[in-house]
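The next block holds one structure in the form of structure tokens; read it before the comments.
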Amino acid sequence: MTVLVTLGETMAVLAADRPGPLASGASLRLGFAGAEATVAIGVSRLGHPASWTGRVGADSAGTMILDGLRGEAVDVTRARVDDAAPTGLMLRERRTPDHTRVTYYRRGLAGASLVPEDIDPELVAGARVLHVTGITPALGDGPRAAVRHAVDLARAAGVTVSLDLNYRARLWTREEAAAELTHLAARADVVFAGPEEAALIVPEAGPATMARALLGLGPREAVLKLGARGAVAVTHGGEAVQDVVPVTLVEPIGAGDAFVAGYLAGLLDGTPLPDRLLLAATCGAFAVAASGDWEGLPRRAELDLLHGADVTR
């Protein structure tokens with residue numbers, strides 16, 4: 001039985017292998033990425049069945065994405081192949097060793113064609129967690145309606161709703177985002193945000209104060225992702241603080257989504273709040289210690305590797 005359901009856009013990615021401007025003959029690595037897909041993969045690798053719903057084009061990129069998700073044991077039986085629009089593309093350039101520049105080709109493409117009819121009510125109602133992000137509703141009226149429909153289905157069935165604000169300034173204005181994300185946060189059970197994202201819908205303050213303000217909107221848990229400063233989580237029963245797990249940085253991509261995957265896996269495990277935060281931080285560390293958005297995500301047997309244990313078989 002699928003225990004985590006998520007929906008959204010997954011795109012093909014062309015990522016530069018080395019720093020410098022893109023030029024003729026540059027070496028690019030082909031892959032795929034999407035915030036919700038990364039969470040689904042992370043949860044699946046930690047032993048909880050996950051499903052992804054979305055649209056890809058009837059093209060090689062769409063086939064690669066669906067095959068890749070299947071290879072990670074993510075259920076894609078509710079994904080749709082759109083004959084009318086190609087798969088979106090992300091071009092990732094390492095302009096300098098410490099600065100990445102990303103260009104998206106997504107407007108009017110398959111991922112932005114999601115509609116409420118794409119959501120399987122039985123799948124959502126049978127899950128334990130529905131995870132959505134602020135990226136999908138920013139893609140247009142159809143995706144926004146699809147997210148709202150999925151949240152309504154989950155709430156009606158008593159399914160935990162997880163929301164990562166994931167504000168993308170290129171997709172909509174702060175005012176548009178604030179209105180929609182406030183609505184979604186009020187209907188969520190668990191909310192994740194960075195401080196700048198949280199400031200869209202609650203007054204700017206210290207992390208714990210902002211997390212408590214998020215709780216005031218309706219969720220039962222609020223988690224502030226603080227980057228290199230770690231994270232803080234607040235519930236109606238208390239709060240916990242987590243430092244980052246130290247690793248050698250390879251690529252600062254996908255850490256936030258990996259963090260969410262770890263936290264939700266801990267929630268599904270039934271572990272206490274501090275343990276959920278530690279698992280989340282561990283997954284985030286694994287993500288940035290490897291190239292790619294999701295490729296470095298850990299499996300259950302590897303979790304102790306970053307805490308000094310020898311996991312050699």
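The figures here come from the full heavy-atom set of this structure, side chains too, leaving out hydrogens, waters and symmetry mates. All values reported here derive from a predicted model rather than from experimental measurement.
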Next on the checklist: Before you tell me yes or no, could you show the steps for R94 and E251 under salt bridge (charged side-chain N to carboxylate O under 4.0 Å, His left out), namely the whole-Å CA-CA distance, both residues' side-chain angles and the distance that decides it to 0.1 Å?
Outcome noted: CA-CA 10 Å; R94 292 181 62 193; E251 194 170 75; 5.0 Å; no
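Distance alone, capped at 3.5 Å, is enough to place a donor-acceptor pair between the D189 side chain and the V161 backbone. Of the possible polar contacts, none joining the W52 side chain to the V39 backbone as a donor-acceptor pair under 3.5 Å is found. For the pair D59 (side chain) and T87 (backbone), a donor-acceptor distance under 3.5 Å is present. Formation of a donor-acceptor pair under 3.5 Å by the R55 side chain with backbone atoms of G111 is not found in this model. In this structure, the side chain of T271 does not engage the main chain of L267 through any donor-acceptor pair within 3.5 Å. E204 contributes no side-chain N or O that, together with a main-chain N or O of A199, makes up a donor-acceptor pair within less than 3.5 Å.
Within the structure, the salt bridge (Lys or Arg N to Asp or Glu O under 4.0 Å) test picks out the following pairs touching residues 150-162 (sequence neighbours left out): D152-R187. Counting only residues at least two apart or on different chains, the salt bridge (Lys or Arg N to Asp or Glu O under 4.0 Å) pairs with a member in residues 36-49 are R45-E72.
Partner P143 forms a side-chain contact (heavy atoms from CB on, under 4.5 Å) with one of V115, T136, L7 and no other, that one being T136.
For the pair P21/E93, a side-chain contact is recorded, criterion being any heavy-atom separation below 4.5 Å from C-beta on. In this structure the side chain of V151 never reaches within 4.5 angstrom of the side chain of H183, judged on heavy atoms. By the 4.5 Å heavy-atom criterion applied to side chains, Y263 and L273 are counted as neighbours. Between D257 and D164, some side-chain heavy-atom pair lies under the 4.5 Å cut-off.
Here CG of D118 is found 10.0 Å from NE2 of H149. Values are rounded to the nearest 0.5 Å. Rounded to the nearest 0.5 angstrom, L4 CG and H48 NE2 are separated by 9.5 Å.
Placement of L214 and L163 within a single hydrophobic cluster is found when ILVMFWY residues are connected by side-chain heavy-atom separations under 4.5 Å, directly or transitively. A continuous path of ILVMFWY side-chain contacts below 4.5 Å connects L200 to L139, so both sit in one hydrophobic cluster. Hydrophobic cluster membership is shared by V5 and I119, with clusters built from Ile, Leu, Val, Met, Phe, Trp and Tyr side chains linked at under 4.5 angstrom.
Between A178 and I201, the shortest heavy-atom distance links the atoms O-CG2, 3.7 Å. Across every non-hydrogen atom of D293 and T38, the tightest pair is O-CG2, 4.0 Å.
Within a 6.0 Å radius of CD in E176, other residues, nucleotides and ligands contribute more than 12 heavy atoms.
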